[in-house]
Amino acid sequence: MTRDSFDLFGKPAAPPASRSVPVMVPLPVPGPYSYAVPDGMPVFPGSVVQVPVGPRKVIGIVWDESAQDGNVPARKLRPIEHVFDCPPVSDEMRKFIQWVAGYTLTPPGLVARMAVRAPAALDPEPMVEGLVLTGETPDRLTPARKRVLEMAENSAGWTRLGLARAVGVSASVIDTMMKKGVFDTVFLPPPPIVGTPDADHAPPVLSGDQAEAAEALRDLVAEGGFGVTLIDGVTGSGKTEVYFEAVAETLKRGKQVLILLPEIALTSVFLKRFEDRFGAKPGEWHSDLPPRMREKVWRQTAEGAVRVVAGARSALFLPFQELGLIIVDEEHDSAYKQEDRVFYNARDMAVVRSRIGGFPAVLASATPSVESQVNAMAGRYERLHLPGRFAEAAMPDLKTVDLRRHPPQRGGFLSPVMLSAIKDTVGRGEQALLFLNRRGYAPLTLCRVCGHRFQCPNCASWLVEHRFRGQLMCHHCGHAEPVPEACPECGTLDHLAACGPGVERIAEEVEQHFPDKRTIILSSDMAGGVKRLRLELDAVANGEADIVIGTQLVAKGHNFPLMTLVGVVDADIGLSNGDPRAAERTFQLLSQVTGRAGRTGRKSIGLIQTYQPSHPVMQAIISGDADAFYEREIAEREKTSLPPFGRLAAVIVSSENRSDAENHARGLRAAAPPSATIDILGPAEAPLALIRGRYRFRLLVHARRSDDVQGYLSAMLDKGPKPRGSIHVQLDIDPQSFL
DNA sequence: AGCACGCCGACT
DNA sequence: GTCGGCGTGCTC
């Protein structure tokens, strides 16, 4: 404490507020707040700081001077408390945050918060204590000491415990040597979490088409500048190998790379493939990363030590220093949509991120989204097509099983055709996969006496029986209750009937037919969480099961080399629920799931149980003619004004009464362009409609005051003041709006 | 987003 | 008579 900091009365002198800066704080307010900069504090745009907001302290990002609100009375200004010792959030990133906030109508502070979500990473990782040889030799050179010396001479940078473990001696050996002056301790920077990937580590052998596509991507990277490439080709056509070449080229140019994957596809298999190609693992980013690791990835990405991140959608908000390429794998996957707090589609925001950064984006999928198809057709995206599977990986032989002609036996759901195929497959020692996109035992339970159907008290959906847990669960809101013995309506005991199949019920049927085979259910509600699930997926890949009954997640990114039969239990699910994307989604799902078979070189088959074998989706799957399917689908969407061509539509979700909602709707209709359709949905039905994607443009308003609602739409249309209150907006892709 | 304040219903 | 519901306002 210097004398200068006290005045004559011994009180600290107030810091002169010579300067103030805008700071983006994690609050739902329209823009940054102003804060005083204490003298000598090194603060500039992008600095990550701690500031007081009311009684609490928050992390904020110093924003650009131009965002300064000059109307804040000087006496309100409070000083910045701390500048974190970490690289500043780049100009690009700040622009990106601002853009995303504008596009999604989210308060910018809430978007900014996603970029600084590893708080403990904001100050540097502690240095680790390391050992260096002093040149002294221990007086007595025991075998253990000799090995320690050799190891330490061969490579530097050992920690005390690391060296002991590497040599296979106890730490006390090292301790004694330290006492005798053999080692000195120094402080070393913390070790990088991953090695540096080497573009030339193991270049792949590519087929003609692949080599051509890879060349095109390399050129794109070499040229630099923004551009989007859609690369499509069936499972096994080598998309990953091809886009790895774009990664390699970017690495050679000294830039960082982001590979976005749906969370479930971030498997050890993918990481292994990357490591095989580049000789080091990519940084990993997903929701169940342990906090310590999360911090390290965040920091080392910011510092540039991590060159490639493979991550789920939120990796888009990592503070890359010099990002030069984004890959969006499985770009059609709905897991890219975030539907809480900030509503965004990471695929589209990735395109925006690369446009702002002036570098290429690559979208990859075996079954591209209709949105991306349309963008490619319109010439906004380049297109690279990888034909067929190469080498021995033949396409599976796909057939429909017409359930009208080959019905399952009473009480069952598997056609005799399916059962006999399973029998043949497991008889040969190969694996069979039965796909049913329905968790639990039965999707509907009713009373056989009075017809009572068990419904969720909060939502409009049926309660799904989970027999293993003994519960009835709502898959929409999470509500759960024990399975009652008596009907709550008429009181009759033991007359509840399970209607329809879920994976648990199929497993039961399979176990009846194949009691001596190993059957496993793979679904997202597996006990033990994601971790356990990953283990089980690996176990299946290693052949530790004969028959797998799986939900949607088996369709994604995981390869099961011994799988030679894929059976789709009910291909018709989801084709009749009023979702404009029903056909697209079903086509994608069935393509992906049937693609799980046939990667072995052995003959493999796919059987698709359906009541509508002539449906365009089934025809497309069987014939493998994806182009015809998309062509038809796009024409259909255009004709019926559905996404991505659909008219502007807003959905009001009002927790208030119907007449309030009518008032809101009147206000919105007055403010909206004539082409807009404004629908009113109640709190129960609205979330479902949103998830089903019935609208191209979705506006979810949680109105706190009725007169705010008009403001929401004017803000949405960018004419008028930003409204107050909480707004949740989700936008579907609008092919033109961000290019 | 979080938190405080303030005004009306069912309870120790 | 209080406890506590959520509607409203505020945070540089």
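Each chain gets a letter, A, B and so on, in the order the sequences are listed, and its residues count up from 1. Every value quoted in this text rests on a predicted model; they were computed, and no experiment measured them.
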Subject >> Under 4.0 angstrom between A:Arg56 side-chain N/O and B:dG2 OP1 or OP2 >> reply: no
Original post:
salt bridge (Lys or Arg N to Asp or Glu O under 4.0 Å): which pairs involve residues 91-112 of chain A, sequence neighbours left out?
Top reply: A:Asp64-A:Arg94, A:Asp91-A:Arg94, A:Glu92-A:Arg353
Length of the [atom1]-[atom2] vector between [X] and [N], whole Å:
X	N	atom1	atom2	value
A:Gln50	C:dC12	CD	P	14 Å
A:Tyr33	C:dT11	OH	C1'	5 Å
A:Ile59	B:dA1	CD1	P	18 Å
A:Lys57	B:dC3	NZ	C1'	16 Å
A:Glu81	C:dT11	CD	C1'	14 Å
A:Met24	C:dT11	CE	C1'	16 Å
A:Arg78	C:dT11	CZ	P	11 Å

Original post:
What heavy-atom pair brings A:Leu27 and A:Leu110 nearest, and what distance separates the two atoms?
Top reply: C-CD2, 3.9 Å
Original post:
Side chain of A:Tyr336, backbone of A:Val328: donor and acceptor closer than 3.5 Å?
Top reply: no
**OP:** Would you please name every residue forming a ring-ring contact (aromatic ring centres under 6.0 Å, His included) with A:Tyr35, sequence neighbours left out?
**Re:** none
Original post:
At under 4.0 Å between heavy atoms, what does A:Pro52 touch on the DNA or RNA strands: base, sugar-phosphate, or nothing?
Top reply: sugar-phosphate
